[in-house]
Amino acid sequence: MVQMTMAKALGAGLRAALRDDPRVLLLGEDIGTLGGVFRITDGLLSEFGAARVIDTPLAESGIVGVAIGLAFRGYRPVIEIQFDGFIYPAFDQIVSQVAKLHYRTRGAVRMPLTIRVPWGGGIGAAEHHSESPEAYFVHTAGLRVVAVSNPEDAFVMLRQAIASDDPVVFFEPKRLYQVKGDVELDRPLADARPMGLARVVRPGTDVTVASYGAMVRTALDAATAAEDEGVSLEVLDLRSLSPLDDAALDASVRRTGRLVVVHEAPREAGLAAEVITGVVERSFDALRAAPVRITGHDLPYPPAKTEQHFLPDLDRILDGVDRALGRPNSLTGLQP
Amino acid sequence: MVQMTMAKALGAGLRAALRDDPRVLLLGEDIGTLGGVFRITDGLLSEFGAARVIDTPLAESGIVGVAIGLAFRGYRPVIEIQFDGFIYPAFDQIVSQVAKLHYRTRGAVRMPLTIRVPWGGGIGAAEHHSESPEAYFVHTAGLRVVAVSNPEDAFVMLRQAIASDDPVVFFEPKRLYQVKGDVELDRPLADARPMGLARVVRPGTDVTVASYGAMVRTALDAATAAEDEGVSLEVLDLRSLSPLDDAALDASVRRTGRLVVVHEAPREAGLAAEVITGVVERSFDALRAAPVRITGHDLPYPPAKTEQHFLPDLDRILDGVDRALGRPNSLTGLQP
Amino acid sequence: MLAPDGTRRPCPDLDRWVADVTPEQLRLMHRDMIATRRIDREGVALQRQGELGLWAPAEGQEGVQIGTAHALRRDDFAFISYREHGVAYARGAQPGDFVSIWRAEEHSSYDPYAIGVSNPQIIIGAQTLHAVGYAMGIQRDALHAAPGTRADQAAVSYFGDGASSQGDVHEAMVFAASFGAPVVFVCSNNQWAISEPVALQSRTPIVRRAAGYGMAARRIDGNDPFVCLAAMREALQRARTGGGPSLIEAVTYRIGPHTTSDDPTRYRSEAEVDAWRRRDPIARLEAYLRSMGELSDAQAQDAAALGERVATEMRAACLSMVTKAPLAIFDHVYAQPHSGIAREREQYRAYLRGFDDAE
Amino acid sequence: MLAPDGTRRPCPDLDRWVADVTPEQLRLMHRDMIATRRIDREGVALQRQGELGLWAPAEGQEGVQIGTAHALRRDDFAFISYREHGVAYARGAQPGDFVSIWRAEEHSSYDPYAIGVSNPQIIIGAQTLHAVGYAMGIQRDALHAAPGTRADQAAVSYFGDGASSQGDVHEAMVFAASFGAPVVFVCSNNQWAISEPVALQSRTPIVRRAAGYGMAARRIDGNDPFVCLAAMREALQRARTGGGPSLIEAVTYRIGPHTTSDDPTRYRSEAEVDAWRRRDPIARLEAYLRSMGELSDAQAQDAAALGERVATEMRAACLSMVTKAPLAIFDHVYAQPHSGIAREREQYRAYLRGFDDAE
Ligand SMILES: Cc1ncc(C[n+]2csc(CCOP(=O)(O)OP(=O)(O)O)c2C)c(N)n1
Ligand SMILES: Cc1ncc(C[n+]2csc(CCOP(=O)(O)OP(=O)(O)O)c2C)c(N)n1
Ligand SMILES: [Mg+2]
Ligand SMILES: [Mg+2]
């Protein structure tokens, strides 16, 4: 067990994958000499060479498209999209090709791509550098989508994603890159928690707070604060956004009867709607109150000086908890 | 009042818009001499000339990108995307530019684009020709999204979309193109039902069935069939997918206490999740049972010979109605 | 190389690439072109008879498809569009393979690895990037190739004149040039992208794009199968020997409609089509072979008979196709077990069972 | 046109385009270059002091930015990237305009229509298409221009060497050529895209791309402001007179880091930077003006003083910036009333009110 930042854990995950499987290779902008703008791939070029750590021309559709061709040839490409907001030029190749080729060819062609996306806000960045596009990919059948919230998961789930024979869109919360945590570097991958399962990161009894990525920490902070008020929150880290771990969600909501879902992405047709609708479909009888969404607003990401008004924080989560508990809250007295 | 197909009604809408506003122009692949692969723009090139009915090079990002530039210059471009599945190459320009430019420039630059999308399945087509990508755009703040279900709405809402100062993604169900209906060609636009409002297309008392596009007809058929069994369905045509007409949804659900949402698009993080979650948030107390989704499966669109197993039909809707009513249904006895 | 009337003209640039070609090889090309056209005609007929939803005819383009395909080695890999069934046929696709997609039974038919041809691509231009990536894979495999094994495969990407406008095709050329990838881009410039003439895509020959990437290129008569073979051999050899990517613009013509749904009378004249009919690639090779005394009537009849056989098999395969079972739509969405799809399949199974019970 | 040491060399191709340029005009260019550099230095300083989140320096690229911008007419329109503040300055952007984005107070500052410059584009290459569309709008306006009104505006798009790989830039050139749009593409090839050398994007000069579209083009010394002016005038005149689009590849160098977050020592040598420092565009124009006796010490001091004034104003504007009120984030999402945003704003207003009440 060692302490390391998420950035280092991701680098360690890539190194392990490159070492363990000669078919793994990395593609991206500035991932070579520079080691990536976040230095996740630092040192990998000199360790594994330019044939496996590939600085690409500046063209995201091209990156994903050639990765598809490499997968056709038996490789397992791991792509770094430089920032969340730069994945959209590759959308067609991801949605029409990566997600569909295995289905199209009835299994003849596998697409074991991993698309790493430095992700989300809270870092004071310029426009297009704080996006949370995960719902687009969750809505796209044929992809798996995961999000990590701590260095251990980053290290393990990245290797699981690379080992997966299905394409995985892998979301890395930028604002946690420099946060440290314990990482077990030597545990065999086979012994690790499967990528598709959620995790109860704090057990509780009154309200389930389901979240993922950077918001898990905020939810944990909210749970600590709530405890002071005598409210016990169960915090669930979804980890896998597609497929969702329905069993874990249902089990928690059946215990608490109340649900708050938290994410940075805008609300409309966002992931919280899927989580809530799924719980409603399966566990309507167990719900003691309407589930609550605490999310980004339905705006383009605002200028970073105002991003604290966009991003869910501890107080907004607690307000949502109040709603879920039927206690006075910000919406009390408002028209619905 | 005249009878015409939806295809003709759309053509009439474009003609009226071109006639009424010299800043309106059309862009797309094969929309000129050919009149579009669906002949929606038939005759418009000869009537309005090549400066206003523009056959473009084969490049969707290019089409949307130059339309943005035309909007910068004060034009109101109307784009035809040849088929739903070909909108993805333009995704970046739509999501990062069309949706954000007005916000980015604090209102200095308007983006009154209309992006017409021949849409959905049920026409026996090849891969990529039956997609239902609406949720991607609903999740994108800064866009308005509408879907039409009959010739009258097609004629009116297309002109409303073009007249809107905001960008509108306009979904046209391909399989209704040749279906006829009454169209009032002379009613002033100002007197028409606003684009943002839903419509109760069949009042009922037991279950609300909310839908849009081609599925509205299927829902109406289901309502007729249900009536024979003594069940009264209220069929709501959402029309505006973003923003949703919450008031109409709530009013209906508060009457019926039960909700079934129907769409062709895959379920996961699809629009039904948004509709249901919104209703749950606002009208939980009025719900007498868990709302139900009847949607496409979470697959890439399958080969058309099997599409009837993908697309919601009358029977699947009635099965959903049974679920909403707590009557025996296909899920009875299954694990959740 | 071959004039429209089939006379052999010297082509100093390319002659050496076909100096070793035997009459037998040319007869094989001729045979495959005949079969390709016969497949096409059967496809159109089947569509008219309601057996296929759509067909995208390649009539007139057999020269570039068969000429270039015959330059390929077994272990090369071609990434094709929806109109390149000639390439697939020449590489070993079976008659039934051509109908399952257009009958909408499947999204693709043959196993790409079995014949070294990708499933036909519908998204315009997308396959060009896949070819480049595949070629980059070839480069990487070569680094670790066991001594004595061949590591000099090439990838090919076919695409149309309309496709040349797509950003993906540009990015494919950028990547190919940047990495010196062993790939050949074959642009079948058939003058039309549905109703749009090539002049709308480019005011200058598409071949000139290559120089902008520092890529070798040739513009050839795509209705001359011989020159297609030669230019493709040259480009493949370049790829195999570390010379990097090439672009071939094959000037040809789509004699038929864009697809069976298209009505080309709306946008082009019969006179134009007729002029191109007189440049028919099959007649051209046939005239050449005949003038050399290398195609007997019996041989020509054999080729025609083979074409008939292929067409008959294709029709039989078409008519005997059985739509897959409903639950099969849930297969192959993922390569590994997936809780979401498993549940949906179960739910749909239960739903369908309700109908059985009802009966 | 100007050697690195400032001596005037004949340039037969382009001399006529600047034959009428007065020393006063050159002094104005010199002044704007000084101001641009001063803005840059202040931007970097402000970032280091924690007042800005980021700054993207243009140091070394003032020649192409100011040289080309001075060729524009008031009624032309430029679509720029995040690094073209020199263009914006020359067109009339105010000192405070340069900081609000990098201070993350706003996504854009000046009114694009007021100065004929778009908001700076961050998505690489996206703005090239906007310029082409704008130019197509110019063409259409010209069809209905009232007699005596000017209808011969041009659009310009600036972009980098890295951007040249993006599909959008290709599609922009395809559309521009296809429609003969009055647009000038200015590629500021500053040798680097963050850490990637231009050779990774293209093995051949980017200017050669133009011929592939049938577009006129020139590769020029981007550190020679005079030749930038000349080439831009030529290209603009082509646009204004129906000659269609042009590409200018201006060979220049990014002296600073990609942004203040970047560490260029990881990927390039000091020697390389030094070599380019010796080709400084400001020193070059200054030497030329001095050699002509057209820049007195007083005039040089005036230019420097103006630069100081701009920097001071920029700093003052920066430090006095007030972050907008929380609810302002809901403004301008839509141009017309929107039920969704209205409700969200109300809900957030109520939420914030809870804190007031609490206090
Ligand atoms: C991205 C995308 N846009 C549009 C289409 C619709 N479409 C199918 S074929 C075609 C024309 C293609 O022309 P070309 O590339 O010249 O190939 P050809 O059909 O002539 O063989 C178009 C526009 C598509 N399939 N994909
Ligand atoms: C679509 C997209 N991908 C990636 C980025 C990240 N990025 C910002 S600037 C840059 C390099 C751009 O290089 P170049 O076009 O040469 O312009 P320069 O920065 O040198 O002026 C990159 C990769 C981006 N902004 N947009
Ligand atoms: Mg073509
Ligand atoms: Mg650069």
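Letters A, B, ... mirror the listed sequences (proteins, then strands); counts begin at 1.
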Can you tell which part of B:Asp315 gets under 4.5 Å to a heavy atom of chain C, answering side chain, backbone, both or neither?
both
Are B:Glu227 and B:Thr224 close enough that a side-chain donor and a side-chain acceptor fall under 3.5 Å?
no
Is the backbone N or O of C:Ala317 less than 3.5 Å from a side-chain atom of C:Ser320, with the two atoms forming a donor-acceptor pair by type?
yes
Is C:Glu249 paired with C:Arg209 through a side-chain N to carboxylate O contact shorter than 4.0 Å?
no
Which atoms of B:Asp319 are under 4.5 Å from chain C, going by heavy atoms: the side chain, the backbone, both sets, or neither?
side chain
Run the salt-bridge test on C:Arg343 and C:Glu346 with the 4.0 Å N-O cut-off and return the result as yes or no.
no
Please look at B:Glu29 and chain C and tell me whether the side chain, the backbone, both or neither of the residue comes under 4.5 angstrom of a heavy atom of that chain.
both
Go through C:Val333, C:Thr323, C:Ile329 and name the one with the most non-hydrogen pairs under 4.5 angstrom from chain B.
C:Ile329
Tell me if a side-chain donor or acceptor on B:Glu264 pairs with a main-chain N or O of B:Gly121 at a distance below 3.5 Å.
yes
With side chain to side chain donor-acceptor pair (under 3.5 Å) as the test, would you mind laying out the steps for B:Asp30 and B:Gln82 before giving the verdict?
CA-CA 8 Å; B:Asp30 304 292; B:Gln82 197 161 79; 2.8 Å; yes
Among C:Ala126, C:Pro326, C:Pro264, which residue forms the greatest number of heavy-atom pairs with chain B at distances under 4.5 Å?
C:Pro326
Could you check, using the six-membered ring where one of them is a Trp, whether B:Phe91 and B:Phe137 have ring centers closer than 6.0 angstrom?
yes
Crowded around B:Lys305 NZ? As in, over 12 foreign heavy atoms under 6.0 Å?
yes
By a 4.5 Å heavy-atom criterion (distance strictly below it), what part of B:Glu268 contacts chain C: side chain, backbone, both, or neither?
neither
Flag the one option from B:Thr33, B:Asp55, B:Val37 with the top tally of heavy-atom pairs under 4.5 Å to chain C.
B:Asp55
What part of B:Tyr301 gets closer than 4.5 Å to chain C, counting heavy atoms only: side chain, backbone, both or neither?
backbone
Pick one of side chain, backbone, both or neither for B:His128, based on which atoms fall under 4.5 Å of a heavy atom in chain C.
side chain
B:Ile123, B:Thr56, B:Leu34: which one forms the most heavy-atom pairs within less than 4.5 Å of chain C?
B:Leu34
For C:Leu200, is it the side chain, the backbone, both or neither that has a heavy atom under 4.5 Å from a heavy atom of chain B?
both
Has C:Glu84 got a side-chain atom pairing as donor or acceptor with C:Gln65's backbone, closer than 3.5 angstrom?
no
Has the side chain of C:Glu42 got a donor or acceptor atom that lies under 3.5 Å from a matching backbone atom of C:Met314?
no
Do you know which of B:Glu60, B:Glu307, B:Arg316 has the most heavy-atom pairs with chain C at a distance under 4.5 angstrom?
B:Arg316
With a 4.5 angstrom heavy-atom cut-off, which part of C:Tyr348 approaches chain B: side chain, backbone, both or neither?
side chain
At under 4.5 Å between heavy atoms, what parts of residues 160-167 of chain C are in contact with chain B? List them by residue number.
C:Gly162, C:Ala163, C:Ser165, C:Gln166
Using the ring-ring contact (aromatic ring centres under 6.0 Å, His included) rule, take C:Tyr110 and C:Tyr89 through it: C-alpha gap first, then chi angles, then the decisive distance, then the call.
CA-CA 11 Å; C:Tyr110 50 80; C:Tyr89 175 75; over 10 Å; no
Which atoms of B:Arg267 approach chain C - backbone, side chain, both or neither, heavy atom under 4.5 Å
side chain
NZ/NE/NH1/NH2 to OD/OE distance under 4.0 Å, C:Asp331 and C:Arg345
yes
Is there a side-chain contact between C:Glu105 and B:Pro303, using heavy atoms and a 4.5 Å cut-off?
no
Can you say whether C:Arg103 sits under 4.5 Å from chain B via the side chain, the backbone, both, or neither, judging by heavy atoms?
both
Determine whether a donor-acceptor pair (N or O, by modelled atom type, separation under 3.5 Å) exists between the side chain of B:Thr41 and the backbone of B:Gly35.
yes
Between C:His107, C:Lys324, C:Gln201, which has the largest tally of heavy atom pairs under 4.5 Å with chain B?
C:His107
